[in-house]
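Read the structure below first, then the notes.
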Amino acid sequence: MTTKTIETRFPHEIIENKWQKRWRESSLYKVEDNDPRPKWYELTMYPYPSGDLHVGHWYAMTGADIHARFRNMQGYNVLHPMGFDAFGLNAENAAIERGIHPHSWTMDNINRMRDQLASMGPMYDWDREVVTCLPEYYKWNQWFFLQFYKNDLAYRDFAPVNWCPSCVTVLANEQVIDGACERCDTTVTHRDMNQWFFRITKYAEELLDQSKMDWPERINTMQTNWIGKSEGVEFKFDITEYGLDTKSLVTFTTRIDTVYGVTFVVLAPEHPLVQPLTSTNQKEAVSDYVNKARKSSEVERLATDREKTGVFLGSYCVNPLTGDRIPILIGDYVLNTYGTGIVMGVPAHDERDFIFAKKYDLPIKVVVAPPGWDGSELDEAYLSPGTQVNSSQFDGLNSTKGKQLIAEHIESNDLGTRTVNYRMRDWLISRQRYWGTPIPMVYCDACGVVPVKEEDLPVLLPEDAEFLPTGESPLAVHDKFVNTRCPDCGKPSKRETDTMDTFVDSSWYFLRYASPNYSEAAFHEKSAELWNPVDQYTGGVEHAVMHLLYSRFFVKATRDLGLIKYDEPFKRLFNQGTIIYKGAKMSKSRGNVIAPDDYVNVVGADTVRTYLMFIGPWEQGGEWNDSGINGAARWLNKVWDISHIDPKSFKGSPDSDTEKDLTRLLHKTIMRVGEDIEKFKYNTAISSLMQFTNALAEEKLFEKINYDQWLGLTRNLYKMMAPIAPHLSEELWEKSGMESSVHTQEWPKYNENLAKDDEITLVVQVNGKVRAKISASVDITESDANEIAMDDPGVQKHTQGLEIRKVIYVPGKLLNIVAN
RNA sequence: GCCGAAGUGGCGGAAUGGUAGACGCGGCGGUCUCAAAAACCGUUGAGGUAACACUCGUGCGAGUUCGACUCUCGCCUUCGGCACCA
């Protein structure tokens, strides 16, 4: 803490301990499946047990807890669980650095974090906790894997992976930031390895359908971009003259309308046809180029501002539509992993091809004419639609129409097919790491690749592995683990030694919460059906295309296995913002972490919760400010103070105006706070509660109302505060003579008539400028308003000598006199 | 380069066509105190005035409207995301 923090006047530590104990003893937050109330599943993304919880976690967890508590008070049977995303590379690295076993490192962290989370006073039912590194959980990862394998959704393939030469390990895609290792910033290279994949691309089309969920637009956009659908044509160029097995070069294009303008064809340097198509005198140049391309890093290759280079192979293909002989080149701007790895070059109508053609002096042939084109050379590629020219029988057509007719022509002459391409790749789940779920497969010399039998699950992760990074999975050198018997023939065979990506764990944990201790299956069918799908999911935006996309895939695949009936895991999604400190996101390495414990000790959990939610709109995040927390502390202090006014001070005969005013404010507050919490606008909800408190704290208010009225007002205040400040509101609820928990109370209802003002301030404008504010009855008529306004000296001053053209009246609000 | 979000007092923010700056932080002045802290009261966009009045003011420039922080168009800046995907 850098600046002075004020103290609370209520014994927060005693109150927190007292109520956390009582809630635990009375099982207040126990969630039962069997409950007549409608269900509500409120989920927040579970944390990685990295060690210490910081206020960033509190920010995410408090906001979710408030919403869950609010739904509970609205009469829902709420499931708001918590667990730990416990597998992962950090544990392994910590183990290497400190000589602690990943298991004990992780479990110690979980124990500490569970206490820190509990100090927030959340409504978690800890009996439903999920810890993904335990065999009881990861057994079902293996089970899902086997189901996917059986249904052709899991397969093994030889594929390039990201490799960090410094960490001596494979990295997940998400751990590669701008081509460099997330941990050590070393440039990532590639290796080709046998890997396991989940066939997420099978669901590409369905994943594009976002109509069954209510998610933020930007997340939807990010997913759509990630999937990257593009419709086009695979078009074949003839290479029969070289007498190879392959008779044609298949290119993919979205601009088949430009096919008459092809002046060259470019292969990716890694393409298998490069070698057979290289002529003798180009061999050296080509192999030099290929070697150079192989060595350059991913970042270098993908940099858009990079000069486009290429080499002529010395061979040609034939465009079957024109009979033109077209030079074949290789260029590293062509990606082997997208489309067919071969691109047709149309310099007149593609920016990259234009630059490439200029550089290598290739012809530029216009086939889609810009409006008013005079046949002269183009200064740059023309990308928009236009009129087909130099396109044989399609000349004169609009290119949009041309695209369609040329595609049909190509298909009917067997020169190509219309296809759809996706940028999204299948999900590579193999990791050459120790701290993850073993992939339950066995390699048998006689039977080949054989799945472990379901009844033999889990394949346990051995505790005594040597997990120093060697580039191979640590399990590979663990003889007892590796050597097994073939599930089919019983002969000695070897286990798969890679482990699963930890995103597998988080792709179905929301199903596990429904029946976390069920040992017969991944989830109890009835419980899972009761609670899922998640009604409201909250979490950071950083998971937009990984976790959120994988989970959607998992649910669709599980549905197709016949295990669940719905299509989407998370009906609604809300992204909270990030708490920053000293201008940056909190992180251990930056040394700008705020530990909630320090503040909890001084001002209490409720104050920290309130402050965090008051900083600004939850979705925006904001900067932690030490002095800002004073505002939250002062508010709760004030609530505490007014709750301790001696009941004997209240007068028996109330003042009816005061009563009316307070009743009106109460109903307005109920309305605002409820609407705001519903929409996660916690900052304005707290603001309304502060205003209400300020009205109740007005000097000598007790002389104007009686004690019953006072209790009615304050008890409603406690109920509305309960989701935000659960301990203090509970304590004051009890002190006000109420039994049971404030958290099981019904959310107060407001009466619209009682919330209405009967006196308003009529704003009088002359030509749009405020010239008078007149207090008036809410139902003042236009003519009365007009009359009063015209009598006002301030208004008269500004209308003097002018002709009144028009008067605009907004009932109960405003009168604007237009004069000139 | 493309897409998206945002730009309001000293600061966090409120108000999505009708009183700009709610609520809070910080500051200033006061009460209490031996003194301080806390608390309480007052004040706090800029200019202007003895005080009012009045003028200006929501990134910049136009526009629509009786009236614009809010809608439209064009810029600028910041932050995110994507980025040779053929």
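In this text, all values refer to a predicted model and were calculated from it rather than measured experimentally.
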Taking the inter-plane angle between the rings of His543(A) and His547(A) on a 0 to 90° scale, is it parallel (under 30°), tilted (30 to 60°) or perpendicular (over 60°)?
perpendicular
Within less than 4.0 Å of OP1 or OP2 of rA86(B), is there a side-chain N or O belonging to Tyr333(A)?
no
Of the options rC23(B), rA86(B), rG12(B), whose atoms approach the side-chain atoms of Val343(A) most closely?
rA86(B)
Taking the nucleotide of RNA chain B with the closest heavy atom to each, which residue, Gly768(A) or Asn683(A), is nearer the 5' end?
Asn683(A)
With both distances under 3.5 angstrom, what nucleotide forms a Watson-Crick or G-U wobble pair with rA86(B)?
none
Touch class at under 4.0 angstrom, heavy-atom based, for Arg771(A) against every strand present:
sugar-phosphate
Counting the atoms with a prime plus P, OP1 and OP2 as sugar-phosphate, which does Asn637(A) contact under 4.0 Å by heavy atoms, base, sugar-phosphate, or nothing?
nothing
Working to the nearest 0.5 angstrom, can you tell me the gap between Ile642(A) CD1 and Leu696(A) CG?
4.5 Å
For atom CD of Glu351(A), is the number of surrounding heavy atoms from other residues, nucleotides or ligands below 6.0 Å larger than 12?
no
Let's see if you can work this out: which of rC85(B), rG24(B), rC25(B) has an atom nearest to the side-chain heavy atoms of Met690(A)?
rG24(B)
Start at the 5' end of RNA chain B and walk down; is the nucleotide closest to Ala697(A) or to Lys813(A) reached first?
Lys813(A)
Are the ring centres of Phe264(A) and Tyr360(A) closer than 6.0 Å?
no
Between rC23(B), rC82(B), rG12(B), which nucleotide has the shortest distance from any of its atoms to the side chain of Ser687(A)?
rC23(B)
Give one of base, sugar-phosphate or nothing for Lys773(A), where a contact means two heavy atoms less than 4.0 Å apart.
base
Candidate nucleotides rC25(B), rC23(B), rA15(B), ranked by approach to the side chain of Lys681(A) - the nearest
rA15(B)
Should the ring pair Trp618(A) and Tyr682(A) be called parallel, tilted or perpendicular, given that the plane angle runs from 0 to 90° and is split at 30 and 60?
tilted
Ignoring backbone atoms, establish whether Asn694(A) has a side-chain N or O less than 4.0 Å from OP1 or OP2 of rG24(B).
yes
Assign Ile808(A) to base, sugar-phosphate, or nothing according to its heavy-atom contacts below 4.0 angstrom with the strands shown.
base
Any strand, both distances under 3.5 Å, Watson-Crick or G-U wobble: rC28(B) pairs with rG42(B)
Categorize Glu217(A) for me: base, sugar-phosphate, or nothing, with a 4.0 angstrom heavy-atom threshold over every strand shown.
nothing
N/O (side chain, Ser627(A)) to phosphate O (OP1/OP2, rC11(B)) under 4.0 Å
no
Could you work out the separation of rG26(B) and rC11(B) based on their C1' atoms and round it to a whole Å?
7 Å
Would you tell me if any nitrogen or oxygen in the side chain of Arg634(A) comes within less than 4.0 Å of OP1 or OP2 on rC25(B)?
yes
May I ask which nucleotide in the shown strands pairs with rC73(B), Watson-Crick or G-U wobble, both distances under 3.5 Å?
rG61(B)
What is the pairing partner of rA53(B), taking Watson-Crick or G-U wobble pairs with both distances under 3.5 Å in any strand?
none
So Gln765(A), base contact, sugar-phosphate only, or nothing? Heavy-atom distance under 4.0 Å.
base
Have a look at Lys229(A) and say if it touches a base, only the backbone sugar-phosphate, or nothing, with a 4.0 Å heavy-atom cut-off.
nothing
Once you apply a heavy-atom cut-off of 4.0 Å, does Thr254(A) come out as touching a base, just sugar-phosphate, or nothing?
sugar-phosphate
From the candidates rC40(B), rU19(B), rA86(B), the one with an atom nearest any side-chain atom of Thr761(A) is rU19(B)
With the side chain of Asn630(A) defined as its heavy atoms from C-beta on, choose the nearest nucleotide among rG18(B), rG13(B), rC25(B).
rC25(B)
Using Watson-Crick or G-U wobble geometry with both distances under 3.5 Å, which nucleotide pairs with rG17(B)?
none
Side chain of Lys308(A) only, heavy atoms from C-beta on: which candidate in rC84(B), rC54(B), rG13(B) is closest?
rC84(B)
Are Asp626(A) and Trp624(A) close enough, and set up right, to give a side chain to side chain donor-acceptor pair (under 3.5 Å), and what steps lead you there?
CA-CA 7 Å; Asp626(A) 268 346; Trp624(A) 174 278; 2.9 Å; yes
Choosing from rC56(B), rA15(B), rG67(B), which nucleotide comes nearest the side chain of Lys769(A)?
rC56(B)
Validation row, ring centre Phe354(A) to ring centre Phe356(A) under 6.0 Å
no
Identity of whatever pairs with rC2(B) - Watson-Crick or G-U, under 3.5 angstrom:
rG81(B)
Any base atoms under 4.0 Å from His798(A), or only sugar-phosphate, or nothing? Heavy atoms, all strands.
sugar-phosphate
Once you round it to whole Å, what is the distance between P of rC41(B) and CD of Glu698(A)?
10 Å
